[in-house]
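Read the structure below first, then the notes.
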Amino acid sequence: MATADVTVMGGGIFGLAIGWECARRGARVVLCEAERIGAGPSGGLVGALAPHVPEQWNAKKAFQFESLVMAEGFWAGVRAASGRDPGYARTGRLQPLADAAAVELARGREAGAAALWRGRAEWRVVKAPADGWAPESPTGLCVEDTLTARLHPRDAGTALVAAIRALGGVVEVGVSEPPAGVLGQQRGPGAVIWATGTAGLAALSADLGRVVGSGVKGQSARLACEARQRPQLFADGLHVVPHHDGTVAVGSTAERDFDAPGTTDGQIEALIDRARALCPALRDAPVIERWAGVRPRARSLAPMLGAWPGRAGHFVANGGFKIGFGMAPKVAEVMADLVLEGRDAIPAGFRVEDSL
């Protein structure tokens, strides 16, 4: 196996995005995945790239906003290099408003978005469209935001692998440890970035003697429905995401206690029923896939980025719980800055130490 400037462990969205960004900057990249590309939640169904509400601004919300704004250019670059469509589109999102209090809150957030999003996207209260796609709104109004985008998780993974290889990077599947040759002893120890999801959180916890995070199970479904130009829908914690392949993903559950991580159960059936009730166009749409998997959740609730404490030359990129795809462009930029240029732009609350 070729020597590398950067060895990335993990073929999920964080690992692949970091590998691409490092290769794009001219680094020699080797990416190793133990099982298969997208073996964890990055091989799921939903792919909602949606912002937090524009109020009570903090480092996490600012980081996510910058990443969502970057996403269009990031994924266009991946598509150009790979010749494959990752399924990205900034189609926006609708959220029905249930009562007068919800309307008042939403109007207050309009001003927040105007100040915090700086004209790069809008959050506004609009009349709910009566087009058979949007849910009925008790007030006749809904929130429309123009920042939300969608990404097809599996197609994005395929495109990233092809893009890394197109720039001369190596992607190896079935490798769970950095091969000795990868580190290129004649060139020094190199850098190893661990982006290995829930297994990585467990390994880091064992090494540090403190639980830094854990896995949370999620279940989602994919329905056959041609709605690729429609906006996303969000209501009562449920995401409805139209994809470029003529399917619609709905999700997801959040289960802290579970016995069968890869098995669906009655919770997904209840979620599908809620989606059909929410969106008229889905009422007769056949279900073509049910999915379950475990998402890595750092103790800090923010992505966990930076040096692996006590292990020189090793770094961590983990904890993308629920927002990993939306955070990936900025995570890749920050990790490439740190590993390739020695520039530390990790925001407050995102370091490994913040989860100790």
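Keep in mind that the numbers below use all heavy atoms, side chains included, and drop hydrogens, waters and symmetry copies. Residue indices begin at 1 and follow the sequence shown.
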**OP:** List the steps, then state whether salt bridge (charged side-chain N to carboxylate O under 4.0 Å, His left out) holds for E66 with R118.
**Re:** CA-CA 11 Å; E66 292 299 329; R118 306 186 301 278; 2.9 Å; yes
**OP:** Just do the side-chain contact (heavy atoms from CB on, under 4.5 Å) check on L204 and M304 with the steps written out, would you?
**Re:** CA-CA 11 Å; L204 187 60; M304 182 189 295; 3.4 Å; yes
**OP:** Could you give me the CA-CA distance, side-chain angles and deciding distance for R297 and E255, then say whether salt bridge (charged side-chain N to carboxylate O under 4.0 Å, His left out) is met?
**Re:** CA-CA 12 Å; R297 178 183 180 272; E255 305 164 44; over 6 Å; no
**OP:** Would you check, one step at a time, whether the test side-chain contact (heavy atoms from CB on, under 4.5 Å) holds for V250 with V241?
**Re:** CA-CA 6 Å; V250 299; V241 185; over 6 Å; no
**OP:** Apply the test side-chain hydrogen bond (donor to acceptor under 3.5 Å, both in side chains) to residues S252 and R295: give CA-CA distance (whole Å), side-chain angles for both, the deciding distance (0.1 Å), then the verdict.
**Re:** CA-CA 11 Å; S252 58; R295 298 163 294 185; 3.0 Å; yes
Original post:
side-chain contact (heavy atoms from CB on, under 4.5 Å) between L49 and T148: does it pass, once the steps are laid out?
Top reply: CA-CA 6 Å; L49 281 58; T148 296; 5.8 Å; no
**OP:** Please report the C-alpha distance between L16 and V161 in whole Å, then the side-chain angles of each, then the deciding distance to 0.1 Å, and finally whether the side-chain contact (heavy atoms from CB on, under 4.5 Å) criterion is met.
**Re:** CA-CA 7 Å; L16 290 167; V161 169; 3.8 Å; yes
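Heavy atoms of other residues, nucleotides or ligands lying less than 6.0 angstrom from CD of E136 number 12 at most. By the 6.0 Å contact criterion, CG on D284 is open, its count of non-hydrogen atoms from other residues, nucleotides or ligands being 12 or less. Heavy-atom neighbours of D273 CG from other residues, nucleotides or ligands within 6.0 Å: above the threshold of 12. When the shell of 6.0 Å around CD of E110 is examined, it contains more than 12 heavy atoms from other residues, nucleotides or ligands.
Counting all heavy atoms, side chain and backbone alike, K60 lies closest to H52 at CE-CE1, 4.1 Å. Counting all heavy atoms, side chain and backbone alike, S137 lies closest to A128 at CB-CB, 4.0 Å. Minimum heavy-atom separation, W194 to P178: CH2-CD, 3.7 Å. When all heavy atoms of P231 and W133 are compared, the pair lying nearest together is O-NE1, 2.9 Å. Across all non-hydrogen atoms, the minimal contact from A102 to D99 is N-OD1, 2.8 Å.
For the pair R311 and W308, the distance from NZ or CZ to the six-membered ring centre is under 6.0 Å and the angle to the ring normal is within 45 degrees.
Here T196 contributes atom OG1 and N318 contributes atom CG; the two are 6.0 Å apart, rounded to the nearest 0.5 Å. Taken from SG in C22 to CG in L167, the straight-line distance is 11.5 Å, to the nearest 0.5 Å. If you take CG on L31 and CD1 on I193, they are separated by 9.5 Å, rounding to the nearest 0.5 Å. With rounding to the nearest 0.5 Å, the separation of CD in Q232 from CZ in R150 is 8.5 Å. Here OH of Y88 is found 5.0 Å from CD of E72. Values are rounded to the nearest 0.5 Å. Put simply, CG on L238 and CG on D236 are 8.0 Å apart, with the number rounded to the nearest 0.5 Å.
Salt-bridge check for R230 with D131: passed, with a basic side-chain N closer than 4.0 Å to an acidic carboxylate O. We find that D85 and R79 are joined by a salt bridge, their nearest charged nitrogen and carboxylate oxygen being less than 4.0 Å apart. Salt-bridge annotation for E289 and R154: present, with a side-chain N of the basic residue lying under 4.0 Å from a carboxylate O of the acidic one. Salt bridge absent: E55 and K61 never bring a charged side-chain N and a carboxylate O closer than 4.0 Å.
With hydrophobic clusters built from ILVMFWY side chains whose heavy atoms lie under 4.5 angstrom apart, V125 shares a cluster with L116. Residues L94 and L278 share a hydrophobic cluster, clusters being chains of Ile/Leu/Val/Met/Phe/Trp/Tyr side chains in contact below 4.5 Å. Hydrophobic clustering of Ile, Leu, Val, Met, Phe, Trp and Tyr side chains at less than 4.5 Å, counting indirect connections, unites L356 with V316. Clustering ILVMFWY residues whenever any of their side-chain heavy atoms sit less than 4.5 angstrom apart, transitively, puts W75 in a cluster other than the one holding M70. Placement of V171 and V339 within a single hydrophobic cluster is found when ILVMFWY residues are connected by side-chain heavy-atom separations under 4.5 Å, directly or transitively.
Between T263 and F258 there is no side-chain heavy-atom pair separated by less than 4.5 Å. Residues L147 and V69 meet the side-chain proximity criterion, which asks for heavy atoms closer than 4.5 Å.
Classified by interplanar angle (parallel below 30°, tilted 30° to 60°, perpendicular above 60°), the ring pair H239/F234 is tilted. Ring geometry for F350 against F63 counts as tilted: the plane angle lies between 30° and 60°, on a 0 to 90° scale.
Listed for the H243 side chain is a donor-acceptor partner under 3.5 Å among the backbone atoms of V46. In this structure, D5 contributes its side chain and A27 its backbone to no donor-acceptor pair below 3.5 Å. Listed for the Q64 side chain is a donor-acceptor partner under 3.5 Å among the backbone atoms of A50. With hydrogens and angles ignored, the 3.5 Å screen pairs no side-chain donor or acceptor of S355 with any backbone N or O of R351. For the pair S42 (side chain) and G12 (backbone), a donor-acceptor distance under 3.5 Å is absent. E33 contributes a side-chain N or O that, together with a main-chain N or O of E35, makes up a donor-acceptor pair within less than 3.5 Å. For K330 (side chain) and L68 (main-chain N/O), no donor-acceptor pair under 3.5 Å exists by modelled atom type. Checking side-chain atoms of R256 against main-chain N and O of V216 turns up no donor-acceptor pair under 3.5 Å. Put simply, the side chain of R84 never gets that close to the backbone of S82: no donor and acceptor are under 3.5 Å apart. In this structure, T91 contributes its side chain and Q229 its backbone to no donor-acceptor pair below 3.5 Å.
Across R109, R124, R93, R120, a single residue satisfies salt bridge (charged side-chain N to carboxylate O under 4.0 Å, His left out) together with D145, and that is R93.
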